[in-house]
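Below you'll find the structure, written out as structure tokens, and then a few comments.
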Amino acid sequence: MSGLPFDPLHWVHWPWVLGLAGVLFSGVMSLHVLLRPREAPSTSLWLLVIWSLPFAGGALYLLFGINRIKRRAVLLRRRSPVPVALRGGPPHTVTPGTTGIEGMGRLLAQVTGQPLQAGHQVEILAGGEAAYSEMLAAIARARRSIALATFIFTADLSGRSFIASLGAAVRRGVEVRVLIDGAGRYYSIWPAGGSAVPALRRAGVRTALFLHSLAPWRMPYINLRNHRKLLIVDGATAFTGGMNISDQHSGSRPRSRDVHFRVRGPAVTAMQRVFADDWWFSCGEALTGEPWESEPAAAGAAEVRVIPDGPDEDLDQCRWAFLAALGAASRQVLIVTPYFLPDNDLMMALRHTALRGVTVDIVLPEHNNWPLVNWAMHNRLPPLIDSGCRIWYGSDGFDHSKYLVVDQQWALIGSANWDPRSLRLNFELNLEVHCSRLAAALHALARTRLAAARCIEPDELENRGLLPRLRDGLAGLLMPYL
């Protein structure tokens with residue numbers, strides 16, 4: 001026995017070692033959770049996961065609980081070579097007052113760091129036929145640069161028109177960049193058409209994917225999306241809103257109705273900056289030089305602020321805009337959105353707005369393209385109805401439009417929905433617009449939809465039956481991820 005070699009591992013009590021390592025690892029992860037500002041339910045949930053699943057819980061937190069997007073965005077912003085012309089002090093800046101709509105403008109200036117600028121023309125393009133024809137015409141007139149960002153770009157009939165037009169622009173010497181969300185491209189697999197990425201690249205169009213890798217060691221942001229929709233031509237004309245590029249928005253009977261907007265004026269420069277930062281983030285190319293630098297002239301009377309939002313340094317900016325708008329309303333609030341899952345703060349703000357006598361109309365599709373969202377939404381509506389909000393179900397097809405109008409003076413337009421995904425996980429882009437003409441036009445557009453809508457009564461939701469209520473309750477548990 002004494003001649004046998006000494007084996008120190010023989011005396012190690014491995015269960016104790018693994019147990020101690022698990023406790024230390026969970027302890028370190030718990031400290032990281034507690035030292036980061038979060039809402040209490042999120043903190044409690046992560047602590048429960050970490051201690052309930054030794055090693056696995058901590059690994060899940062490392063993958064999904066740390067906002068590496070914000071860290072990387074801050075680092076890239078510091079060294080970003082986006083032209084100073086796209087970042088410097090903008091012309092036509094408006095100094096807002098301190099009360100009502102003007103006070104809201106001052107609040108959003110503080111929160112977003114973005115100026116409210118005068119001198120804009122903002123036009124409504126209702127439906128794919130109107131929007132696509134104007135967008136294609138602008139691409140055909142481009143002489144210097146085209147920047148296009150979209151969540152979905154399908155190579156169907158509508159998509160092929162854009163591919164051909166963008167390819168023609170490349171051939172005549174225009175600098176063209178197309179950015180498509182990495183997850184959004186999979187939405188193009190069905191219906192028929194497929195992703196436009198291969199066809200764009202064959203046409204010579206420089207195309208990049210935003211957060212495209214599914215490998216967690218390469219891209220630990222699997223649940224994040226770039227939901228922005230932007231087309232900027234020659235740095236002078238921009239198109240934005242909720243519309244992707246797909247046949248679902250076009251034809252005599254589109255599967256999804258939507259609204260897009262054409263914008264001219266100084267704020268187009270800030271919109272191009274957002275695209276330039278996203279492009280740099282995605283592929284490391286700096287959009288510098290004469291094709292990408294411009295100073296658009298004043299084009300109208302509307303005042304506009306660009307509000308980017310995302311899980312980076314722009315977190316919660318759209319949520320602040322929603323809360324500020326509800327607080328500033330004195331007569332009427334109109335909300336049109338396809339996905340409506342407001343968090344508790346927004347719920348309280350909506351109820352407070354209605355209880356102080358403001359008319360609050362919320363227009364939703366009766367039949368949603370995501371059943372889980374529709375089921376989860378049912379539990380959010382009764383308290384709002386009890387407080388005096390009017391909930392309208394549009395029965396004339398699925399409407400993907402999204403806009404907020406206050407007192408027929410102010411509007412928030414863009415890509416964001418009233419749900420946790422838009423407000424916490426997606427990269428979005430919205431415009432705050434002070435323009436009574438645009439607000440009135442959006443109200444008129446909503447009235448045409450209300451003509452085919454019905455107002456929901458409290459008993460309709462309360463008398464759904466046991467199984468539908470259980471289904472809706474279970475769907476509501478998934479609300480943070482919908």
Side-chain angles (χ1 to χ4, degrees), residues 122-132 134-135 150-152 154 158 184 187 191 227-229 239-262 318 322 332-342 350 360-378 380-381 384 389-406 411-419 421-423 426 428 430-431 433 438-456 460 482:
V122 184
E123 302 168 80
I124 299 173
L125 302 172
E129 295 296 320
Y132 291 166
E134 293 296 331
M135 293 165 73
T150 186
F151 181 61
I152 299 172
T154 305
S158 298
Y187 287 70
H227 197 240
R228 293 167 179 158
K229 286 90 174 178
F239 297 83
T240 192
M243 209 173 297
N244 296 296
I245 298 176
S246 167
D247 279 347
Q248 68 177 343
H249 300 301
S250 62
S252 58
R253 298 185 64 183
R255 294 187 301 276
S256 174
R257 292 182 296 132
D258 211 331
V259 178
H260 229 51
F261 300 87
R262 176 168 49 199
C318 184
F322 287 164
Q332 188 177 40
V333 171
L334 170 67
I335 299 168
V336 178
T337 181
Y339 311 115
F340 185 71
L341 294 170
L350 285 163
V360 179
D361 289 303
I362 304 170
V363 187
L364 311 171
E366 182 164 12
H367 302 291
N368 205 291
N369 63 336
W370 290 102
L372 272 175
V373 174
N374 207 43
W375 300 336
M377 182 179 67
H378 290 156
R380 312 301 287 173
L381 302 183
L384 297 177
C389 298
R390 298 190 299 192
I391 310 295
W392 301 86
Y393 274 172
S395 57
D396 54 344
F398 179 64
D399 195 326
H400 193 251
S401 307
K402 23 195 153 251
Y403 51 88
L404 165 64
V405 184
V406 172
L412 188 74
I413 60 176
S415 62
N417 301 301
W418 285 67
D419 63 9
R421 172 159 290 284
S422 275
L423 299 180
N426 285 352
E428 307 280 3
N430 298 280
L431 302 181
V433 184
L438 177 70
L442 288 171
H443 255 278
L445 187 66
R447 281 196 297 271
T448 63
R449 185 177 176 193
L450 289 176
R454 59 188 183 88
C455 193
I456 305 305
E460 177 178 341
L482 298 176

So, the side chain of S422 versus the backbone of N417: is there a donor-acceptor pair under 3.5 Å, distance only?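 Yes; judged by distance alone, with no hydrogens or angles, the pair exists.
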
Check: S246 main-chain N/O paired with Y132 side-chain donor or acceptor under 3.5 Å: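 Judged by distance alone, yes, a pair lies under 3.5 Å.
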
Using the test ring pair (Phe, Tyr, Trp, His ring centres under 6.0 Å), find all partners of F398 that sit at least two apart in sequence or belong to another chain.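 Checked F398 against ring pair (Phe, Tyr, Trp, His ring centres under 6.0 Å); zero matches.
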
Partners of H227 by ring pair (Phe, Tyr, Trp, His ring centres under 6.0 Å), sequence neighbours excluded?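 In terms of ring pair (Phe, Tyr, Trp, His ring centres under 6.0 Å), with neighbours along the sequence ignored, H227 is linked to F151.
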
By side chain to side chain donor-acceptor pair (under 3.5 Å) - contacts of [X] (at least two apart):
X	value
D258	H400
T337	none
N369	Y339
W392	D361

Distance from [X] atom [atom1] to [Y] atom [atom2], nearest 0.5 Å?
X	Y	atom1	atom2	result
I124	I413	CD1	CD1	8.0 Å
H260	M243	NE2	CE	6.0 Å
M135	S158	CE	OG	10.5 Å
C455	I391	SG	CD1	8.0 Å
F340	I362	CZ	CD1	4.0 Å
N374	H367	CG	NE2	8.5 Å

Run the salt bridge (charged side-chain N to carboxylate O under 4.0 Å, His left out) test against R449 and tell me which residues pass, sequence neighbours left out.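 With neighbours one apart ignored, the set is D399.
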
Specify the closest pair of heavy atoms between [X] and [Y], including all atoms of both residues, with the distance to one decimal.
X	Y	answer
V336	A446	CG2-CB, 4.4 Å
S401	V259	OG-CG2, 3.3 Å
S415	K229	CB-CD, 4.2 Å
V405	A439	CG1-CB, 3.8 Å
K402	G414	CG-O, 3.6 Å
Q248	N244	NE2-ND2, 4.3 Å

T154 vs I245, side-chain contact (heavy atoms from CB on, under 4.5 Å): CA-CA, chis, key distance, verdict: CA-CA 6 Å; T154 305; I245 298 176; over 6 Å; no

Summary of salt bridge (charged side-chain N to carboxylate O under 4.0 Å, His left out) pairs that have at least one residue in residues 363-375, sequence neighbours excluded: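 Pairs touching residues 363-375 that pass the test: E366-R454.
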
Begin from the C-alpha positions of V363 and Y393 and carry the test side-chain contact (heavy atoms from CB on, under 4.5 Å) through to its verdict. CA-CA 6 Å; V363 187; Y393 274 172; over 6 Å; no

Are the charged groups of E428 and R228 less than 4.0 angstrom apart, N to O?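 Result for this pair is no, no salt bridge flagged.
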
A side-chain contact here means heavy atoms from C-beta on lying under 4.5 Å apart; do [X] and [Y] qualify?
X	Y	result
C318	L423	yes
L350	W418	yes
L334	Y403	yes
R262	V122	no

Under the criterion side-chain contact (heavy atoms from CB on, under 4.5 Å), which of V433, L125, L431, L442 is the partner of F261?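 So the option named by the test is L442.
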
So L404 and V333, side-chain contact (heavy atoms from CB on, under 4.5 Å) or not? Walk me through it. CA-CA 7 Å; L404 165 64; V333 171; 3.8 Å; yes

